[in-house]
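Everything on this sheet refers to the single structure shown next.
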Amino acid sequence: GLFDKSLYYSDDKNSPLNKYNILHLDYSNFSSPDKNIHYVCLKKIAINRVEIFFKTLQSCIKTFYLIRSWSTFIVWLFCIQQYISYIKYCEIVRKFKALKIALIDFDYLCPKTLLLAFKKNNIKTFATQERFITTFHSYSNVMVDTYYTASEFTANLIKRSKYYDIKNIVPMGQYRSDYIPLYKNKNVPEAISKEKNNGKKILIILGHHSPDHWFESYKEPLLNWTDQIGFLEECIKLAQGLSNTYIILRYKTLSWLTNKFFKNILDRINNCENITISTNYEESAYSYKLCANADLVIAKHTSLADEC
C-alpha cells in the first residue's frame, strides 16, 4: 500500500481514539480492512423504503413547478437524487444514537449528503486537508465543522473561498510530511542501501501512472500513453548521463506495465544498469521511505512531492 490511514488513531488502548475503540462507518461498500475493528457498511443497513418513497414523492410535488426546460429538468432530477441520498443517510445516522463526533477519513471525497445528515443530527464533523493542490480546485470543496489545513496560506484562501463551508479552520501543516524526517536514515529500503554501499547517489523520480485502455488514454493530457513513453525516454537519457547515480522510478500504480504498448521502452529500462521501476507496494509508506533516503527527488506534480 501507499500508507496506512492512521491519522486520527492513538496508541493508547484506553483512548477513545484508539483504533479498536472507534466506530468505522464505510460509505463506499468496502469490506473491513481489520476484522478486529468496529466496522459498519452504511449501504448495508436496512432502511424504511416506504417512508423514503413518500418523502421523495412529497419533495417532487413541492418542487416540480421549478422545471421550465429540459436543462432545468436534468438539474431537478439530479437534486432529487441527492435528496434521496440525504434522507437515506439521515435515517441511517439516527440509528447511532450515541454518535457525537465524526472524523472524516478523506476531506473532499466524503459524500456531501452524508455530511449534511451528520449536521442534521447535531454530529460535529472534523477533517484534515489531504492535498495542498486541492486548495485551488473548486470541485474539491469541503463542508465540516473543523478543518485542519496544510498551511496558513491555504487556510486564508479557504476562508475567502465560496466553495467551502467550514466553521473552524486550523492551520496544521501537511501531516504526511512527518514521514520524511521519521524515515531519514532509518528503515532504509534495500534498493537504496545496496546502491549507496556501492558509492552511488540515489535519485527518486515520481511519475504519473497511465490508463489501462487506449480510449481512456486518448483524453488524458497528462496520463496518456504517448506522454508516458516520452517521460521514460527522458529518464533513460538521464540514467545514461549519470553513471554514478542510481535512479528509482516510483508510481502510484503499476497496472499499465502489462500493456504491450510499453514493452519496448520497458525492455530498454530493464537493460539499463542504473535505473529501475519500484515494485514494492506491500510495505506501508514505502514511497516516503524512498524519498526520505534519496539524495534528490524529481517529480511530476503529485501530493508526495508537495510533502517532500
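Just so it is clear, the structure is predicted and the values come from calculations on it, not from any experiment. These numbers come from the heavy atoms of this one structure, side chains and all, not from hydrogens, waters or symmetry mates.
Between Ile298 and Ile204 there is no side-chain heavy-atom pair separated by less than 4.5 Å. Between Ile192 and Ile248, some side-chain heavy-atom pair lies under the 4.5 Å cut-off. Proximity of Asn168 to Tyr147: side-chain heavy atoms (C-beta onward) are nowhere separated by under 4.5 Å. Looking at Lys196 and Asp295, their side chains come closer than 4.5 Å, going by heavy atoms from C-beta outward. No side-chain heavy atom of Asn187 sits less than 4.5 Å from a side-chain heavy atom of Tyr286. Using a 4.5 Å heavy-atom cutoff, the side chains of Val144 and Asp165 are not in contact. With contacts defined as side-chain heavy-atom distances shorter than 4.5 Å, the pair Tyr148/Tyr175 does not qualify. Residues Trp76 and Ile80 meet the side-chain proximity criterion, which asks for heavy atoms closer than 4.5 Å.
Between Glu91 and Arg94 there is no salt bridge, since no side-chain nitrogen of the basic residue lies less than 4.0 Å from a carboxylate oxygen of the acidic one. Salt bridge present: Lys55 and Glu51 bring a charged side-chain N and a carboxylate O closer than 4.0 Å. A salt bridge links Asp34 to Lys19: at least one charged side-chain nitrogen sits closer than 4.0 Å to a carboxylate oxygen. Salt bridge status for Lys201 with Glu195: absent, with no side-chain N to carboxylate O gap under 4.0 Å.
Side chain of Asn280 to main chain of Glu282: a donor-acceptor pair is present (N/O by atom type, distance under 3.5 Å, no hydrogens or angles). Side-chain atoms of Thr72 come within 3.5 Å of backbone N or O of Arg68 as a donor-acceptor pair. Checked by atom type and distance alone, the side chain of Ser193 never pairs as donor or acceptor with a backbone atom of Val188 at under 3.5 Å. A donor-acceptor pair under 3.5 Å links the side-chain atoms of Arg176 to the main chain of Glu130, judged by distance alone. Using modelled atom types, one side-chain atom of Asp145 and one backbone atom of Thr125 make a donor-acceptor pair closer than 3.5 Å. One N or O on the side chain of Ser151 and one on the backbone of Thr154 form a donor-acceptor pair closer than 3.5 Å. A donor-acceptor distance shorter than 3.5 angstrom exists from the side chain of Asn224 to the backbone of Thr226, with no hydrogens or angles considered. Side-chain atoms of Asn274 come within 3.5 Å of backbone N or O of Leu242 as a donor-acceptor pair. Gln129 places a side-chain N or O within donor-acceptor distance of the main-chain N or O of Ala150, the cut-off being under 3.5 Å. Counting only distance, with no hydrogens or angles, the side chain of His38 and the backbone of Tyr20 share a donor-acceptor pair below 3.5 Å.
Other residues, nucleotides and ligands contribute at most 12 non-hydrogen atoms within 6.0 Å of the NZ atom of Lys167. At most 12 heavy atoms of other shown residues, nucleotides or ligands fall within 6.0 angstrom of atom CZ in Phe30. Shown here is Phe78, whose CZ atom has no more than 12 heavy atoms of other residues, nucleotides or ligands within 6.0 Å. Within a 6.0 Å sphere centred on CG of Asp11, heavy atoms belonging to other residues, nucleotides or ligands number 12 at most. Atom NZ of Lys200 is surrounded by more than 12 heavy atoms from other residues, nucleotides or ligands within 6.0 Å.
Taking the six-membered ring for Trp and thresholds of 30 and 60 degrees, Trp214 and Tyr218 have ring planes more than 60 degrees apart, a perpendicular arrangement. Using cut-offs of 30° and 60° on the angle between ring planes, the pair Phe106 and Tyr108 is perpendicular. Using a 30° and 60° split on the angle between ring planes, Tyr86 and Tyr83 fall in the tilted class, from 30° to 60°. Ring geometry for Trp225 versus Phe261: interplanar angle of 30 to 60°, hence tilted.
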Verdict with supporting geometry, Ser255 and Thr253, side-chain hydrogen bond (donor to acceptor under 3.5 Å, both in side chains): CA-CA 6 Å; Ser255 60; Thr253 63; 4.5 Å; no
Evaluate side-chain contact (heavy atoms from CB on, under 4.5 Å) for Tyr8 paired with Asp105, printing each intermediate quantity in order. CA-CA 9 Å; Tyr8 299 112; Asp105 176 69; 5.9 Å; no
Would Ser140 and Thr134 count as a side-chain hydrogen bond (donor to acceptor under 3.5 Å, both in side chains) here? Give the steps. CA-CA 6 Å; Ser140 302; Thr134 56; 5.0 Å; no
Take Asn293 and Asn185, measure what side-chain contact (heavy atoms from CB on, under 4.5 Å) needs, and give me the verdict at the end. CA-CA 6 Å; Asn293 292 285; Asn185 298 322; 4.1 Å; yes
Test side-chain hydrogen bond (donor to acceptor under 3.5 Å, both in side chains) applied to Asn18 and Ser10, step by step: CA-CA 5 Å; Asn18 183 271; Ser10 169; 5.7 Å; no
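Phe96 and Ile101 fall into different hydrophobic clusters, where Ile, Leu, Val, Met, Phe, Trp and Tyr residues are linked whenever their side-chain heavy atoms come under 4.5 Å apart, directly or through other members. Hydrophobic clustering of Ile, Leu, Val, Met, Phe, Trp and Tyr side chains at less than 4.5 Å, counting indirect connections, keeps Ile74 apart from Leu66.
Note that Lys300 lies in the cation-pi zone of Phe231, set by a 6.0 Å cut-off to the ring centre and a 45° limit from the axis. Cation-pi check for Lys289 over Tyr183 is met; the charged atom lies under 6.0 angstrom from the ring centroid and within 45 degrees of its normal.
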